[in-house]
Structure formats: C-alpha cells, structure tokens
Amino acid sequence: MYVSPLNTDLLFEEAQKDSLYLKLVEQLNKDFNLANEGIDFPLSIVPEELKIQLHEKIYRMIQYKFAEYLNLLYIIDVPENEIKQLDGSDLVVLAEQVSFLILKREWQKVWFRNYYK
C-alpha cells in the first residue's frame, strides 16, 4: 500500500529501505531531460546532496526560467492543487517545498512501477 512520505528525509529513507533510491535518481534525470532541463545527477549521489542540488536547480528555474519551470512541473505531473497551496512570498522556502513535491511525485512513479511489475 502506497503511503505518501511526509518529508524529504522520510522519502529518502523509504527509497533506500526498498532499494529504489537509484531508480528515483534515474527517474529525476529522465524527467528533467524530457523537460529539456539538462541535469545529470550521478547515481552515486548521496540523498543530502541530491536534496541540495535539486533545491538549487528549482530556485534558479523559478527566478530565471519560469516558463521552463512550469513545463517541468507539467512533465513530472506535480499536482497543480498542491503547488497552488504553497506560499510564494519567500523564494528559498518555495523552492524547497516544490523540490519536495517533485521528489514525492517521482517517488510515487518509482514505487508504483516497482510494486506492480
């Protein structure tokens, strides 16, 4: 039964416990490339570094490439209602929250693909 993680650390913990962390990194790389936002997280990246790099990438996209940012959210299929609930007054916090929503959606894809294979 799929249960949505409450924060990034729990998400990474669950991904590692299920030996799906590498699949999560692969899924992130795949969807970013589909959105023409070249990012190539190495498969050896540790969860904390992944979290930091993803946050920085989203922050820069919100600031400088907003149309591409919206396209990325569409391609990853982040629920629009969850994005609308976020407070956009602080860009750093917003980027962190969006990064979690992206990770959560990507984890959901990986989990379902593994569970129903």
Side-chain angles (χ1 to χ4, degrees):
M1 172 85 179
Y2 179 77
V3 178
S4 185
L6 300 176
N7 62 46
T8 307
D9 295 332
L10 291 174
L11 186 149
F12 287 142
E13 194 176 292
E14 192 172 329
Q16 289 177 318
K17 179 186 70 163
D18 294 342
S19 301
L20 295 174
Y21 176 73
L22 292 179
K23 296 279 186 202
L24 177 63
V25 174
E26 288 172 354
Q27 186 66 45
L28 278 165
N29 286 334
K30 176 184 166 192
D31 284 346
F32 268 84
N33 286 322
L34 280 174
N36 291 323
E37 276 308 312
I39 199 164
D40 193 24
F41 296 119
L43 296 180
S44 61
I45 193 168
V46 294
E48 193 58 37
E49 187 61 30
L50 176 63
K51 182 178 170 180
I52 291 167
Q53 286 187 26
L54 181 61
H55 177 260
E56 288 173 0
K57 177 71 172 177
I58 297 303
Y59 178 78
R60 284 193 305 275
M61 288 183 76
I62 291 171
Q63 269 198 312
Y64 304 114
K65 299 169 91 178
F66 196 73
E68 291 87 347
Y69 159 74
L70 294 176
N71 185 50
L72 176 70
L73 295 180
Y74 176 77
I75 285 174
I76 292 176
D77 193 27
V78 177
E80 190 177 334
N81 63 327
E82 289 185 20
I83 294 290
K84 287 181 177 179
Q85 292 174 3
L86 301 178
D87 175 18
S89 60
D90 183 343
L91 274 187
V92 174
V93 173
L94 176 65
E96 186 177 345
Q97 293 169 333
V98 170
S99 297
F100 173 61
L101 292 178
I102 288 171
L103 283 169
K104 192 165 74 164
R105 178 63 181 119
E106 297 288 43
W107 169 241
Q108 186 180 35
K109 291 178 189 179
V110 168
W111 189 91
F112 275 104
R113 198 171 293 128
N114 182 66
Y115 188 78
Y116 291 108
K117 67 179 176 186

request  = Answer with yes or no whether the hydrophobic clustering places V78 together with I39; edges join I, L, V, M, F, W, Y residues whose side-chain heavy atoms lie under 4.5 Å apart.
outcome  = yes

Output for pair (K30 NZ, K23 NZ), nearest 0.5 Å, gives 11.0 Å

- Query: Under a 4.0 Å N-O cut-off, is there an ion pair linking D31 with K109?
  - Reply: yes

Exercise. May I ask whether F32 and L70 are part of the same hydrophobic cluster, defined by side-chain heavy atoms of I, L, V, M, F, W, Y residues being less than 4.5 angstrom apart, directly or through others?
Key: yes

* **Neighbour count >12 (heavy atoms, 6.0 Å) for atom NZ, K51** => yes

Separation between CG (D40) and CG (N29), nearest 0.5 Å, reads 5.0 Å

For A95 and I62 the tightest heavy-atom approach is CA-CD1, 4.1 Å

Short question: side chain of R105, backbone of D77 - any donor-acceptor pair under 3.5 Å?
yes

- Message: Taking V92 as the starting point, is it possible to reach L103 by hopping between hydrophobic residues whose side chains are less than 4.5 Å apart?
- Response: yes

E82 bridged to K104 by N-O distance under 4.0 Å: yes

d(L50 CG, S99 OG) to nearest 0.5 Å is 9.5 Å

Here the pair of heavy atoms bringing Q97 nearest to L86 is OE1-CD2, 3.6 Å

Correct closest heavy-atom pair for N33 and G38 would be OD1-CA, 3.7 Å

Nearest heavy-atom approach of N71 to A35 is ND2-O, 3.9 Å

>> Is there a path of hydrophobic side-chain contacts, each under 4.5 Å between heavy atoms of I/L/V/M/F/W/Y residues, joining W111 to V3?
In response: no

Counting C-beta onward and ignoring hydrogens, is there a side-chain heavy-atom pair between R60 and Q63 closer than 4.5 Å? no

CD of Q16 to CG of L11, rounded to nearest 0.5 Å, is 10.0 Å

Worksheet item: What is the ring orientation for F112 with Y2, classed by angle as parallel under 30°, tilted 30 to 60°, or perpendicular over 60°?
Response: tilted

**Asked** Taking side chain as C-beta onward, heavy atoms only, is E37 less than 4.5 Å from K65?
**Response** yes

Item to complete: Quick one: sort the F66 and Y69 rings into parallel, tilted or perpendicular, breaks at 30° and 60°.
Response: tilted

One should read off an interatomic distance between L101 CG and E96 CD, to the nearest 0.5 angstrom, of 11.0 Å

What one should report as the nearest heavy-atom pair of F100 and N7 is CE1-C, 3.2 Å

field: E14/K17 ion pair, N-O < 4.0 Å
entry: no

Open item on the list: Same cluster or not: L43 versus I45, using hydrophobic residues (I, L, V, M, F, W, Y) connected whenever any side-chain heavy atoms lie under 4.5 Å apart?
Closed with: yes

Review point. Any side-chain heavy atom of Y115 within less than 4.5 Å of one from D18?
Key: no

Looking only at heavy atoms, the pair that brings I75 and L34 closest together is CD1-O, 3.6 Å

dist L22:CG -> F41:CZ (nearest 0.5 Å) comes out at 14.0 Å

